[in-house]
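For reference, the structure is listed below as structure tokens.
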Amino acid sequence: MSAISGNGLYLGLMSGTSLDGVDCALVDLSGPPALAATRFLPYPLGLRDALLELSQSGSDELERAGRLSVELSALYATAVNGLLAEAGIEAAGIAAIGCHGQTVRHRPESGFTVQLVNPALLAERTGIMVVADFRSRDIAAGGQGAPLVPAFHAVCFRSTQRHRVVVNIGGIANLTDLPAPPNGAVRGFDSGPGNILLDVWASQHLGTHCDRDGRLASTGTVIPDLLERMLNDEYFDRPPPKSTGRERFNAKWLAAKLGDERDYRHAGHAAADVQATLAELTARTIAGGIERCCPGTEDVFACGGGVHNPDLMRRLQAGLGDRHLATTDALGVPADWVEAMAFAWLARQALNRSSGNLPEVTGARGPRVLGAVYPA
Ligand SMILES: Nc1ncnc2c1ncn2[C@@H]1O[C@H](COP(=O)(O)OP(=O)(O)O)[C@@H](O)[C@H]1O
Ligand SMILES: [Mg+2]
């Protein structure tokens with residue numbers, strides 16, 4: 001953690017598709033992005049379930065969305081105020097909060113994406129300017145609205161010597177291709193599921209949010225025909241730009257692949273074997289995405305919650321062959337905080353009227369200033 005210096009301080013708030021909670025990062029942007037303080041608040045169970053429910057069509061959605069935005073924003077404010085109190089920093093010392101919000105719909109093909117948050121309430125409760133709704137403008141410009149972290153990955157991780165790829169293993173996994181300049185543009189896309197299906201299966205069979213440390217998967221054996229059925233999903237072969245989410249990769253998708261729509265918990269496979277197969281799917285689709293779309297990659301740096309799963313990391317290393325795999329910690333940026341830091345950086349881009357998207361990544365018609373600003 002760096003010494004805190006002056007008014008280049010921004011906060012990033014990230015809550016991803018895993019629905020695990022709120023990552024809050026204080027970032028010093030007066031020089032190269034430096035993490036100054038952090039706070040994680042897990043979602044209370046009820047909030048998590050309500051968000052999960054709202055991720056599919058259902059009754060009374062507007063009412064539920066409104067209420068959940070308020071509840072979420074109260075939690076965001078608690079994270080921010082708690083972090084600042086602990087760090088001994090006044091709200092007035094923070095330039096802005098970049099708040100991603102919680103995605104409940106991502107439909108770029110229909111022209112919209114929805115990240116729940118009530119930014120006005122967050123500004124009111126913290127006394128800090130809030131930048132929110134980063135994805136909509138990119139979609140309005142014909143893009144996927146995702147992934148948005150590659151521009152930040154390029155700032156932090158691009159090397160003049162080595163061809164690197166950064167893989168963020170959240171609920172969904174996304175790749176950023178960083179060829180050493182001048183050997184091509186920065187590119188990026190969602191490779192497919194990261195932890196999302198692993199979590200679905202673990203919650204059914206272990207009653208826990210995730211397969212902690214990949215323990216269940218590590219005792220299982222990959223089921224070849226199930227893996228093949230899953231790999232046959234057309235998403236994996238589609239060329240970038242592409243992005244995905246819980247709309248596609250969810251419990252229903254898994255049930256269909258298991259061939260038992262009625263009750264996917266009892267499709268005739270041992271729970272550990274299915275868990276192993278899902279871990280293999282994540283590892284293969286990340287490695288396959290790198291192989292196909294990032295030719296010449298020498299080093300792969302992972303971030304996001306998936307790095308804590310040794311079984312998954314082992315499978316990924318196997319898929320990558322001779323390529324070197326490490327976490328972003330090796331480059332000085334803690335793997336758990338890269339995404340939240342990216343939204344702090346995106347907030348500053350917005351305030352500077354600088355673009356936040358990379359058109360080569362999202363497919364937008366051009367660079368765009370992202371986000372809506374809610375003054376303190
Ligand atoms: N010790 C661990 N063992 C296995 N999985 C883990 C562990 N720690 C975190 N994870 C996984 O990481 C996920 C959270 O990752 P995160 O990067 O926060 O994703 P998102 O951005 O989608 O919220 C959890 O849902 C879980 O699947
Ligand atoms: Mg998370």
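This one's a predicted model, so the numbers in the text were calculated from it and none came from an experiment. Counting starts at 1 for both ligands and their atoms, following the listed order. All residue numbers in this chain count up from 1 along the given sequence.
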Worksheet item: Does the distance from a Lys or Arg side-chain N to an Asp or Glu carboxylate O, for R229 and D225, drop under 4.0 Å?
Response: yes
Practice prompt. Report, in ascending order of atom number, the atoms of ligand 1 lying under 4.0 Å from any heavy atom of D211.
Written response: 3 (N), 4 (C)
Discussion item. Taking distance alone, with N or O pairs closer than 3.5 Å, would you say D199 contacts ligand 1?
Written reply: yes
Worksheet, complete the sentence: Near S18 (heavy-atom distance under 4.0 Å), the atoms of ligand 1 are 13 (C), 14 (C), 15 (O), 19 (O), 20 (P), 22 (O), 23 (O), 25 (O)
Discussion item. Give me the residue, atom name and distance of the protein heavy atom closest to atom 5 (N) of ligand 1.
Written reply: C210 SG, 3.7 Å
Discussion item. Below 3.5 Å, N or O to N or O, backbone or side chain included: is there any such pair between G305 and ligand 1?
Written reply: yes
Worksheet item: Given H209, R212, R246, which has its nearest heavy atom closest to atom 24 (C) of ligand 1?
Response: H209
Worksheet entry | Atoms of ligand 1, numbered as shown, that sit under 4.0 Å from any heavy atom of E339 | 21 (O)
Practice prompt. Decide yes or no for R48 and H209: does some side-chain heavy atom of the first lie under 4.5 Å from some side-chain heavy atom of the second?
Written response: yes
Item to complete: Would you mind finding which of D336, D213, L312 brings a heavy atom closest to atom 1 (N) of ligand 1?
Response: D213
Discussion item. Evaluate V80 against I94 for side-chain contact (heavy atoms from CB on, under 4.5 Å), listing each step before the verdict.
Written reply: CA-CA 11 Å; V80 166; I94 305 297; over 6 Å; no
Fill in: CG-OH distance between L26 and Y10, expressed to the nearest 0.5 angstrom
12.0 Å
Worksheet item: side chain to side chain contact (heavy atoms under 4.5 Å, CB included) with D190: which of L175, T285, I172?
Response: I172
Worksheet item: Considering only protein heavy atoms, which is closest to atom 8 (N) of ligand 1, and at what distance to one decimal place?
Response: H308 CB, 3.5 Å
Discussion item. To check you understand the geometry: which heavy-atom pair defines the closest contact between W337 and A25, and what is its length?
Written reply: CE3-CB, 4.2 Å
Worksheet item: Does one side chain, of R162 or H324, offer a donor that lies under 3.5 Å from an acceptor on the other?
Response: no
Fill in: Between D336 and H308, a side-chain donor and acceptor under 3.5 Å
yes
Discussion item. What I want to check is whether the side chains of S15 and Y76 have a donor and an acceptor closer together than 3.5 Å.
Written reply: yes
Practice prompt. Check each atom of ligand 1 against the heavy atoms of G16 and keep those under 4.0 Å away; list them by number with element.
Written response: 20 (P), 21 (O), 22 (O), 23 (O)
Discussion item. Between D20 and the Mg ion (ligand 2), is there a contact where an N/O/S atom of the residue lies under 2.8 Å from the metal?
Written reply: yes
Worksheet, complete the sentence: Looking at N195, D311, T17, the heavy atom closest to atom 13 (C) of ligand 1 belongs to N195
Worksheet item: Hey, what's the ring geometry for F249 with W253, parallel, tilted or perpendicular (30° and 60° as the breaks)?
Response: perpendicular
Discussion item. Within ligand 1, which atoms have a heavy atom of G304 less than 4.0 Å away?
Written reply: 17 (O)
Worksheet item: Taking distance alone, with no angle check, do G171 and ligand 1 share an N/O pair under 3.5 Å?
Response: yes
Discussion item. Counting only nitrogen or oxygen atoms and a 3.5 angstrom limit, does D20 reach ligand 1?
Written reply: yes
